[in-house]
Amino acid sequence: MCRVVRHRSRYRKSRYRTQARGVLKVAESYSFASIEPKWQQYWAQNKLFEVPNDSPADKYYLLVMFPYPSGKAHMGHVRNYIIADVMARHRTMNGYAVVQPMGWDAFGLPAENAAIQNQIHPSEWTEQCVEEMKQQFDALGISYDWTREVNASEPDYYKWTQWLFLQMYHNGLAYTGEATVNWCPSCATVLANEELDGTTCERCGSEVEPRQVPGQWFFKITDFADDLLDDLATLDDWPASVLAQQTNWIGRSEGVRFSLDIEDSDHQMEVFTTRIDTIYGVTFMVLAPEHPLVAELTEGTEYEEPVREFVRKAMREDEISRTAADTEKHGIFTGVHAIHPLTGQRIPIWVANYVMMGYGTGAIMAVPAHDGRDFEFARKYGLPVVPVIQPEGESFHGDTMAEAYEGEGLQINSDRFDGLHCTDAAGQLADHMEEQSIGSRAVNYRLLDWLISRQRYWGAPIPMVHCDSCGTVPVPFEDLPVLLPTDAEFKPTGESPLARNEDFVNTVCPSCGGPAKRETDTMTTYVCSSWYYLRYINPHEDDQPFVKSDVDHWLPVDHYIGGVEHAVRHLLYARFVTKVLHKLGYVDFTEPFARLFTQGMICARTADGRLEKMSKSKGNAVPADKIIAQYGADTARTYVLFVGPPEQEVEWSDEGVAGIFRFLSRVWRVVAGNLQHHDAAWRDHLGGDLVDEQRAIRRKTHQTIRKVGDDIERMHFNTAVSACMELTNDLVAYAGKMSGDNPTDCAVFSEAIEHLTILISPFAPHLADELWERMGYQPSLLQTTWPEADEELAAEEQVTIVVQVNGKVRDRLTVPAGSDMEQVAEMAKQTEQVQKHLEGKSVRKIITVPDTLVNIVVS
RNA sequence: GCCGGAGUGGCGGAAUAGGCAGACGCGUUGGACUCAAAAUCCAGCGGGGAUCACACCCCGUGUCGGUUCGAAUCCGACCUCCGGCACCA
């Protein structure tokens, strides 16, 4: 960049030195309200944030999870955008081509609900909110490349969401069917399992109901369960908690799946177990109440009526919550027996509420001796308990066991497997059952396929057509997008609002040309957000969703920043979609996000004094524009960085914000108020010998350069800001004492204020650019190279050596850095303090750490 | 129950690789400036003891133990809180 060399006469004005205080007082005050818009305009006009795809520098793709446009942001929202912006600005100043795009997750329930509430069409509502939020982002000085802006609710975007759907469909990864799904009565739509908090809707908190809904579309995410699980191991830069949550969610378990014949019946029942070693201890079988065999097996028998009654009751209970572990276990005998595949014994089949249809096969082999739940059930209904595993030295008896034994041990009551350790027995039993074609090793997942259909208006229409003669037919690629009609009634009724729009529904079959009807459900917004990070690379491409070579250059995202609430939902779906696109050859990478950072929420006190996540509905939100108006964007930015470690939840503090404002004002005063001492040619005046105080300021300056850069890299923004505070404090003191007539004083001071200005620029970019310009330099600092610390200058000349006796600090010595530690140890032994503690004892050992410590070990 | 994370002054937090615990900020106390206030600047503030005052001594990073010359940091057990999963077979 070009440096404007300031004219020397400026520096002569420093004869005011003796009135430094007076000069400070009359100095122009820190008027953020005029500075901030000025620089925002300057950055936009000079297109400083735009980074083209073919930028020659090393690429850095920095991404914040794109938000649903909600209009006015509060300080809780602001945090992650600022964190990302600091990283982006710092990387840019380090010479990277940093892409930091922003866009809008504009489809979906929140936007639709808000629109309904405000009696306005969702598209209009969305447009308004986008405008508002964009303004706020700009008012915060965030360096987004708006040329890459995407909006998921616009046809040129959702055309490609539909393309993605068709890719899934044509490759056997999208299927439709009737299924029991989660229905949220308040949102009036079905939801994916990932969108539940237990049994309630994560969005509105309503209890969801199981409901049979025909024609629901699913993506076969289970085909990728192993890849999704295994590749977690490659994500070194993801938080442990997110990896753990995804692992939990996928819920892989290995075991054996096998079938049992049923007495006097053509039916078989299939079960899955992770404890095949306990198979000789099976004393009853249990079916889930929803299991189809229940009705079939009891039909026409004396058990039919009571069993049906039981099932009815159990299903009702389900709505309340059968899944809680402490729910009382109930069951009823079906009157039917299964045949044990190894012993040929008759085993009674029961129906019970503690077996879930949604997991495994919906049926279990019950081994009460070795499973707590089966044990509880057996004791309640007087069913036999047969132990088959016993640790050495124990002697179990089925009638007297007080609880199930779930640990390891040796096989008993297990025919020819007796005496084996249970893990060996498990292997041999699995082999045996596979050889005899009774069953086979199997893997079971908790993860289920992804339900993407929604009975709502505001989403991307599913590009499928139903034809009486051809069946379900995909819309051809060239006919995309299937446009969302703008004139549709959009109030939710439980059926897709699109179904009542004749113009939309009635179409021709792409296959036979006859009359046909469109699919009227829309896709969940999680489909839109599962691929948006690709579109940012080629947001204006008309013929394809993205250009492979560009995407392969920029992806994976180097640093992805967002809320931990997406640990499973969005992040799992995005990984899945990436893997699909990889498999189909559209991208070369298999994971979309190399490094993930999940920031903590900002919390605030509610009216009744509780600490809660900041939100409008809880009444504890601090609007971002209020803080910007009161203190300015730079204070808002610096505060959310200083408030605490970014991954942690923090409490909002009005006093804290005021403190940051004081700090920035102090920076303003010490720099802008002393510009008469600024000398752009400071490098020319630092050649000679410096006095201690001058060297101390240079040392502090270079130590700060080192610390701020390191701390930003490791995302310790709070300590980076505090380092700037320390330097500022030193400079305030120095400015009061320095001589404006002394060129060396001025040079030292100039070096310091220039660097302070550069170092705070990622945090407070407006203030920094204003000061930079006032020093006579060409803005913007974003185009300036991040400084490198001079390690020699940063090194301490004198170090404090801690002198310990037996590990307790007894004295301190100040010696030149790099002193010979043996000599220092000798000195240490002689000091009065140490002598006191050595009296009457003999020195056994002396431990020294260079420039740090002497520890004298005495007995 | 299983998995993940965290416990440090009045408060938010700092201590990057096992080496001075408490940086920086908030709050608070005292002082300077002022007719006064605000703003600003300077100084003190973990607990206990000792002292006219210093010097100095003891305790102290959730609890108990261990490793080590030395532990907020490593190991073991436990307690509490936060998050995820959960009658998951």
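First the proteins, then the strands, lettered A, B, ... as listed; each starts at 1.
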How close or far is atom [atom2] of [N] from atom [atom1] of [X], stated in whole angstroms?
| X | N | atom1 | atom2 | answer |
| --- | --- | --- | --- | --- |
| Ile856(A) | rC20(B) | CD1 | C1' | 15 Å |
| Arg569(A) | rC85(B) | CZ | C1' | 13 Å |
| Trp652(A) | rC26(B) | CH2 | C1' | 14 Å |
| Gln804(A) | rC69(B) | CD | C1' | 8 Å |
| Phe661(A) | rG25(B) | CZ | P | 17 Å |

Which listed nucleotide ([options]) is nearest to the side chain of [X]?
| X | options | result |
| --- | --- | --- |
| Arg662(A) | rG4(B), rC26(B), rG19(B) | rC26(B) |
| Ala244(A) | rC3(B), rG19(B), rG84(B) | rC3(B) |
| Val809(A) | rA21(B), rA89(B), rC26(B) | rA21(B) |
| Asn855(A) | rC85(B), rG70(B), rC87(B) | rG70(B) |
| Arg373(A) | rG4(B), rA89(B), rG70(B) | rA89(B) |
| Asn248(A) | rG84(B), rG19(B), rC41(B) | rG84(B) |
| Thr274(A) | rA89(B), rC24(B), rC56(B) | rA89(B) |
| Asn729(A) | rC26(B), rG25(B), rC69(B) | rG25(B) |

Between [X] and [N], is there a contact of a side-chain N or O with OP1 or OP2 at under 4.0 Å?
| X | N | value |
| --- | --- | --- |
| His370(A) | rA89(B) | no |
| Lys808(A) | rG19(B) | no |
| Arg252(A) | rC88(B) | no |
| Arg810(A) | rC57(B) | yes |
| Arg446(A) | rA86(B) | yes |

Worksheet item: Has the side chain of His716(A) got a donor or acceptor atom that lies under 3.5 Å from a matching backbone atom of Pro645(A)?
Response: no
Worksheet entry | Donor-acceptor pair, side chain of Thr638(A) and main chain of Asp634(A), under 3.5 angstrom | yes
Worksheet, complete the sentence: Nearest-nucleotide check on RNA chain B, Val802(A) vs Gly656(A); residue mapping nearer the 5' end is Val802(A)
Pick the [atom1] atom in [N] and in [M], then give their distance to the nearest Å.
| N | M | atom1 | result |
| --- | --- | --- | --- |
| rA14(B) | rA6(B) | P | 12 Å |
| rC88(B) | rC82(B) | C1' | 24 Å |
| rA72(B) | rG9(B) | C1' | 14 Å |
| rU61(B) | rG47(B) | C1' | 14 Å |
| rC45(B) | rG25(B) | C1' | 15 Å |
| rA71(B) | rU63(B) | C1' | 16 Å |
| rG22(B) | rG12(B) | C1' | 13 Å |
| rC78(B) | rC59(B) | P | 29 Å |

Worksheet item: Just how far is it from atom CZ of Arg810(A) to atom CG of Asn855(A), taken to the nearest 0.5 Å?
Response: 11.0 Å
Response to the item:
In this structure, CD1 of Ile705(A) is separated from CG of Asp710(A) (nearest 0.5 Å) by 11.5 Å
Are the aromatic rings of [X] and [Y] close, with centres under 6.0 Å apart?
| X | Y | value |
| --- | --- | --- |
| Phe284(A) | Phe377(A) | yes |
| Tyr631(A) | Phe32(A) | no |
| Phe597(A) | Trp238(A) | no |

Discussion item. Take N1-N3 plus N6-O4 or O6-N4 for Watson-Crick, N1-O2 plus O6-N3 for G-U, both under 3.5 Å. Which runs of 3 or more such pairs involve RNA chain B?
Written reply: B:1-7 with B:79-85, B:10-12 with B:24-26, B:27-32 with B:40-45, B:46-49 with B:56-59, B:62-66 with B:74-78
Worksheet item: In the 5'-to-3' direction, what one-character label does each nucleotide of nucleotides 6-17 of chain B receive under the scheme B = base within less than 4.0 Å of a protein heavy atom, S = sugar-phosphate only, - = no such atom?
Response: ------BSSSB-
Worksheet item: Does any N or O donor sit under 3.5 Å from an N or O acceptor when you compare the side chain of Lys845(A) with the base of rC69(B)?
Response: no
Worksheet item: In terms of base orientation, is rG9(B) syn or anti, with the syn window spanning 90° either side of 0?
Response: syn
Expected list for residues 654-662 of chain A: side-chain donor-acceptor pairs under 3.5 angstrom, two or more places apart:
from, atom 1, to, atom 2, distance (Å)
Asp654(A), OD1, Trp652(A), NE1, 2.9

